[in-house]
Amino acid sequence: MAEQTVKVRKSLSANAKKVIVLCSMVALLVLTGVLNFVLNGDLLSNDDQTPVDGGAVTTFFSNYRTDRETARAEEMSYLDAIISSEDSSAEAKATAEEMKQELLANIETELVIENLIKAKGFEDAIVTMSTDNVNVIIQKAELESTEVAQILGIILEETDYTASDVVVVPYEA
């Protein structure tokens, strides 16, 4: 009987941890939404002036980054929960740690590429890397072939992807 009580307490403890992690992720999501609303409200009400055409583009890039950061925070939280869980197997923990390291490396590489693209004179850029490809969104209505070649050169220099793995998309609202 005493053994069953201990098992029930351990399972409740594990369930409580899962609930806490889930609640934390929901709280982060809500906080991100509120910050997004407040910051976008500031963009639109900057000294009671309406934004110029670039305001929608800026909002797109800001929203994209916020959504990306939110999704990554949730993924990191999930991986941390697996790593810290007593119920996780050694193999699951090792896989989660490997995935976390890969995610951190992708985040760093994306940031470097985005800044290098901006250094080439582009107003803004978003880079997302997956296991299969690299997607690049450039803040410009149209891209010339020389500009695409510049962007492609940066990506090929900074990553192990091939040219056929890279998708470059212009974006103008």
Side-chain angles (χ1 to χ4, degrees), residues 17-46 51-85 88 92-141 143 147-148 150-161 165-173:
K17 288 179 187 178
K18 290 176 186 176
V19 168
I20 291 171
V21 169
L22 183 61
C23 289
S24 298
M25 290 189 321
V26 169
L28 283 173
L29 183 62
V30 169
L31 177 65
T32 303
V34 169
L35 286 174
N36 188 21
F37 178 76
V38 169
L39 293 175
N40 285 336
D42 287 347
L43 279 175
L44 296 175
S45 64
N46 190 10
V52 293
D53 290 338
V57 174
T58 302
T59 301
F60 168 79
F61 281 82
S62 297
N63 287 345
Y64 194 101
R65 283 192 176 92
T66 301
D67 293 345
R68 181 175 66 180
E69 289 171 12
T70 301
R72 288 193 171 152
E74 289 175 5
E75 188 174 355
M76 285 290 197
S77 180
Y78 176 73
L79 293 172
D80 285 338
I82 292 171
I83 293 168
S84 65
S85 175
S88 297
K93 287 181 181 186
T95 302
E97 287 176 359
E98 185 178 307
M99 290 174 69
K100 186 175 178 181
Q101 291 300 321
E102 183 179 321
L103 182 60
L104 289 171
N106 282 351
I107 291 170
E108 182 179 343
T109 303
E110 289 169 357
L111 183 61
V112 167
I113 293 171
E114 286 175 2
N115 287 327
L116 289 172
I117 290 171
K118 290 177 193 175
K120 290 287 186 181
F122 295 97
E123 192 169 334
D124 205 351
I126 295 174
V127 177
T128 55
M129 296 171 52
S130 69
T131 55
D132 298 331
N133 62 358
V134 177
N135 295 308
V136 183
I137 303 171
I138 302 295
Q139 184 176 342
K140 193 165 183 183
L143 293 169
E147 294 171 323
V148 173
Q150 283 181 324
I151 296 165
L152 186 59
I154 292 169
I155 294 168
L156 296 178
E157 182 72 28
E158 295 296 321
T159 68
D160 294 330
Y161 290 92
D165 297 331
V166 179
V167 177
V168 179
V169 178
Y171 179 85
E172 186 74 28

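- Between Pro170 and Ala141 the shortest heavy-atom distance is CB-O, 3.7 Å.
- Partners of Glu114 by side-chain hydrogen bond (donor to acceptor under 3.5 Å, both in side chains), not counting sequence neighbours, listed by chain and number: Arg68.
- Every side-chain contact (heavy atoms from CB on, under 4.5 Å) that Leu79 has, sequence neighbours left out, goes to Glu75, Ala96, Met99, Lys100.
- Thr70 contributes a side-chain N or O that, together with a main-chain N or O of Thr66, makes up a donor-acceptor pair within less than 3.5 Å.
- Atoms CG and CG, from Leu111 and Leu116 in turn, are 9.5 Å apart once rounded to the nearest 0.5 Å.
- Note that OG1 of Thr109 and CG of Leu104 are 10.5 Å apart. Values are rounded to the nearest 0.5 Å.
- Rounded to the nearest 0.5 angstrom, Phe60 CZ and Arg65 CZ are separated by 10.0 Å.
- Between Lys93 and Ile82, the shortest heavy-atom distance links the atoms CG-O, 3.7 Å.
- Considering only residues two or more places apart in sequence or on other chains, Lys140 meets the salt bridge (charged side-chain N to carboxylate O under 4.0 Å, His left out) condition with Glu147.
- Two residues are said to be in side-chain contact when any heavy atoms from C-beta on lie closer than 4.5 Å; Glu74 and Tyr78 fail this criterion.
- Annotation: side chain of Ile113 is in contact with side chain of Thr159 (closest heavy-atom distance under 4.5 Å).
- Residues forming a salt bridge (charged side-chain N to carboxylate O under 4.0 Å, His left out) with Lys118 (at least two apart in sequence, or on another chain): Asp124.
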Practice item. Please assess Leu152 against Val168 for the test side chain to side chain contact (heavy atoms under 4.5 Å, CB included), listing each intermediate value before the final yes or no. Key: CA-CA 8 Å; Leu152 186 59; Val168 179; 5.7 Å; no
Run the side-chain donor-acceptor check on residues 127-138: report pairs under 3.5 Å with partners two or more places apart or on a different chain.
| residue | atom | partner | partner atom | Å |
| --- | --- | --- | --- | --- |
| Ser130 | OG | Asp132 | N | 3.3 |
| Ser130 | OG | Asn133 | N | 3.2 |
| Ser130 | OG | Asn133 | O | 3.3 |
| Ser130 | OG | Asn133 | OD1 | 2.8 |

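- Ring geometry for Tyr171 versus Phe61: interplanar angle over 60°, hence perpendicular rather than tilted (30 to 60°).
- Evaluation of the salt bridge (charged side-chain N to carboxylate O under 4.0 Å, His left out) rule for Arg72 yields Glu110 as partners, not counting sequence neighbours.
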